[in-house]
Amino acid sequence: MLYAWYLANARDLPWRIGPADRARGARPDPYAVWLSEIMLQQTTVMHAAPYYLKFIQRWPSVSDLAEADDADVMAAWAGLGYYARARNLLKCARQVSDLGGFPDTVKGLKALPGIGPYTAGALAALAFNRSEAAIDGNVERVFARLLAETTPFPKAKSKLSIIVSSLVPEKTPAEFAEGLMDLGAMICTPKQPNCPACPLISLCQAYRQGDPQTYPVKAPKTPKPERSGHAFLLTHQGHLLLERRAQTGLLGGMLGVPGSTWTEQASADCEGAPIGADWTYRGDVRHVFTHFSLVLKVWQAEWSGQRGSANVHGEWVAYEDISGLPTVFFKAVKLLSQTSPISER
DNA sequence: AACCCGGGGCA
DNA sequence: TGCCCAGGGTT
């Protein structure tokens with residue numbers, strides 16, 4: 001049932017090969033599958049697709065990516081979020097390049113940076129046609145509904161994983177994986193599932209109960225704390241001071257604007273400024289991270305010293321060359337464009 | 001097992 | 001504007 005639906009309804013995505021070609025034995029480029037799967041972790045197809053096309057054009061093979069400069073890759077990733085993925089992407093590309101290619105088993109794949117149980121299963125099934133399950137959020141939702149699973153997630157994960165793994169077909173694991181993911185993305189959606197169009201409707205216990213959208217059941221979530229801090233836009237003749245953040249921690253390895261630490265209690269005005277200067281308040285920026293929401297007070301000053309001076313550390317970037325900033329800093333820099341034009345991310 | 005990591009879509 | 005979504009790494 002799922003297989004026939006997949007053949008007729010499979011999404012045509014840039015990193016895929018079509019069901020007809022796959023049935024003839026064609027396999028996608030493991031590099032393309034890997035790149036897409038890393039980008040699709042916590043990210044929608046719609047949002048990841050332009051990034052995928054940009055990456056695959058700029059770095060067409062895993063060895064091209066392995067030889068890329070870290071800063072170029074981080075900048076190209078800017079806006080996708082979860083920047084540890086970009087750091088692991090590079091690490092992984094370099095390991096795979098040294099190995100001479102991707103491992104073709106779940107065990108070998110899972111040993112690589114940035115590849116966990118889901119991505120390992122997806123790559124093994126999609127690129128190497130191994131009989132492995134690729135259990136992502138879509139698949140979990142589909143099965144939580146099929147079985148009307150009342151155990152709240154994430155506790156139900158291991159139980160579902162055993163069931164899904166036992167159902168993977170020997171000959172067509174890729175079609176099974178992509179079929180379930182497409183079903184979850186197109187029909188068995190989180191909010192308003194289109195049950196009448198579902199090929200599995202006769203098997204679905206949640207549908208029989210009349211309340212499919214109440215699954216999967218989730219554990220209650222903890223409230224997000226508030227944090228605040230200051231960001232400093234130090235300008236000098238059409239240039240802005242930016243700094244490379246530490247490799248680990250929040251927004252690690254990304255370019256950012258100087259600032260105070262972000263704390264739960266408001267700090268004094270201009271605390272953490274890169275230099276003493278005549279700072280002008282330019283407004284607030286609000287941004288919500290996974291585990292806290294942030295209010296950033298943005299200050300600006302025109303520097304009177306020389307750009308090459310050792311008094312400040314960081315890099316001076318001309319307004320028109322500013323790119324590769326995480327969204328929170330992009331929002332802050334945008335406050336500057338009220339007086340001077342900054343267009344590109 | 002619990003916690004650390006963004007950002008976009010949608011009501 | 002607030003809520004929802006959701007893999008991997010680290011400890």
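Chain identifiers are assigned alphabetically (A, B, ...) following the order of the sequence lines, protein sequences preceding nucleic acid strands; residue numbering begins at 1 within each chain.
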Open item on the list: Test of understanding: with salt bridge (Lys or Arg N to Asp or Glu O under 4.0 Å), list the residues that count as partners of A/D21, not counting sequence neighbours.
Closed with: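 Salt bridge (Lys or Arg N to Asp or Glu O under 4.0 Å) list for A/D21, sorted by chain: A/R24.
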
- [ ] For C/dG8, take OP1 and OP2 only and decide whether either is under 4.0 Å from a side-chain N or O of A/T119.
- [x]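 Indeed, a polar side-chain atom of A/T119 lies that close.
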
- [ ] Would you please confirm or rule out a distance under 4.0 Å between OP1 or OP2 of C/dC5 and any side-chain N or O of A/K218?
- [x]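 Yes, such a contact exists.
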
Looking for any heavy atom pair under 4.0 Å, which part of the strands does [X] touch: base, sugar-phosphate only, or nothing?
| X | value |
| --- | --- |
| A/I115 | sugar-phosphate |
| A/G249 | sugar-phosphate |
| A/L251 | sugar-phosphate |
| A/R141 | sugar-phosphate |

Send over the distance from [X] [atom1] to [N] [atom2], rounded to a whole Å.
| X | N | atom1 | atom2 | value |
| --- | --- | --- | --- | --- |
| A/Q247 | C/dG9 | CD | P | 17 Å |
| A/L160 | C/dG7 | CG | P | 13 Å |
| A/R87 | B/dC5 | CZ | P | 10 Å |
| A/M74 | B/dC5 | CE | P | 14 Å |
| A/L40 | C/dG7 | CG | C1' | 11 Å |
| A/L112 | C/dG7 | CG | C1' | 16 Å |
| A/F289 | C/dC3 | CZ | C1' | 18 Å |
| A/Q41 | C/dC5 | CD | P | 19 Å |

Task: Co-members of the apolar cluster containing A/W303 [side chain, <4.5 Å] - done: A/F232, A/L234, A/L241, A/I275, A/W279, A/Y281, A/W299, A/V312, A/W316

- [ ] Could you work out the complete set of other residues in the hydrophobic cluster of A/I201, with links drawn between I, L, V, M, F, W and Y side chains under 4.5 Å apart?
- [x] A/Y207

TODO: Select from A/L80 and A/Q192 the residue whose nearest nucleotide in DNA chain B is closer to the 5' end of that strand.
DONE: A/L80

Between [N] and [M], how far apart are the two [atom1] atoms, rounded to whole Å?
| N | M | atom1 | value |
| --- | --- | --- | --- |
| B/dA11 | C/dA6 | P | 16 Å |
| B/dC5 | C/dC4 | P | 23 Å |
| B/dC10 | C/dG7 | C1' | 22 Å |
| B/dG6 | C/dT11 | P | 16 Å |

Open item on the list: Strictly by salt bridge (Lys or Arg N to Asp or Glu O under 4.0 Å), give each pair with a member in residues 147-169 of chain A just once, sequence neighbours left out.
Closed with: A/E140-A/K157, A/E149-A/K159

- [ ] Could you name each residue pair satisfying salt bridge (Lys or Arg N to Asp or Glu O under 4.0 Å) that touches residues 73-83 of chain A, not counting sequence neighbours?
- [x] none

Open item on the list: Taking the nucleotide of DNA chain C with the nearest heavy atom to each, does A/K91 or A/R85 sit closer to the 5' end?
Closed with: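 Looking at DNA chain C, the more 5' nearest nucleotide goes with A/R85.
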
Of the nucleotides [options], which one has an atom closest to the side chain of [X]?
| X | options | answer |
| --- | --- | --- |
| A/T327 | C/dG8, B/dG8, C/dC5 | B/dG8 |
| A/K191 | C/dC4, C/dG7, B/dC5 | C/dC4 |
| A/Y82 | C/dC4, B/dC5, B/dG7 | B/dC5 |
| A/H47 | C/dG7, B/dG6, B/dG8 | B/dG8 |

- [ ] Classify the side chain of A/Y118 and the base of C/dG7 as holding, or not holding, a donor-acceptor pair under 3.5 Å.
- [x] no

Task: Result of checking A/R87, A/K91, A/R94 against A/D70 for salt bridge (Lys or Arg N to Asp or Glu O under 4.0 Å) - done: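 It is A/R94; the other options fail the test.
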
Task: N-O pairing of A/R16 and A/D182 below 4.0 Å - done: yes

Open item on the list: Less than 4.0 angstrom from a charged side-chain N to a carboxylate O is my criterion; do A/D72 and A/R58 meet it?
Closed with: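 Result for this pair is yes, salt bridge flagged.
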
Open item on the list: Counting only heavy atoms not in A/R11 (residues, nucleotides, ligands), do more than 12 fall under 6.0 Å from its CZ?
Closed with: yes

- [ ] Let me have DNA chain C in dot-bracket notation, would you? Count Watson-Crick plus G-U wobble pairs, both distances under 3.5 Å, and use [ ] for pairs crossing earlier ones and | for inter-strand partners.
- [x] |||||.|||||

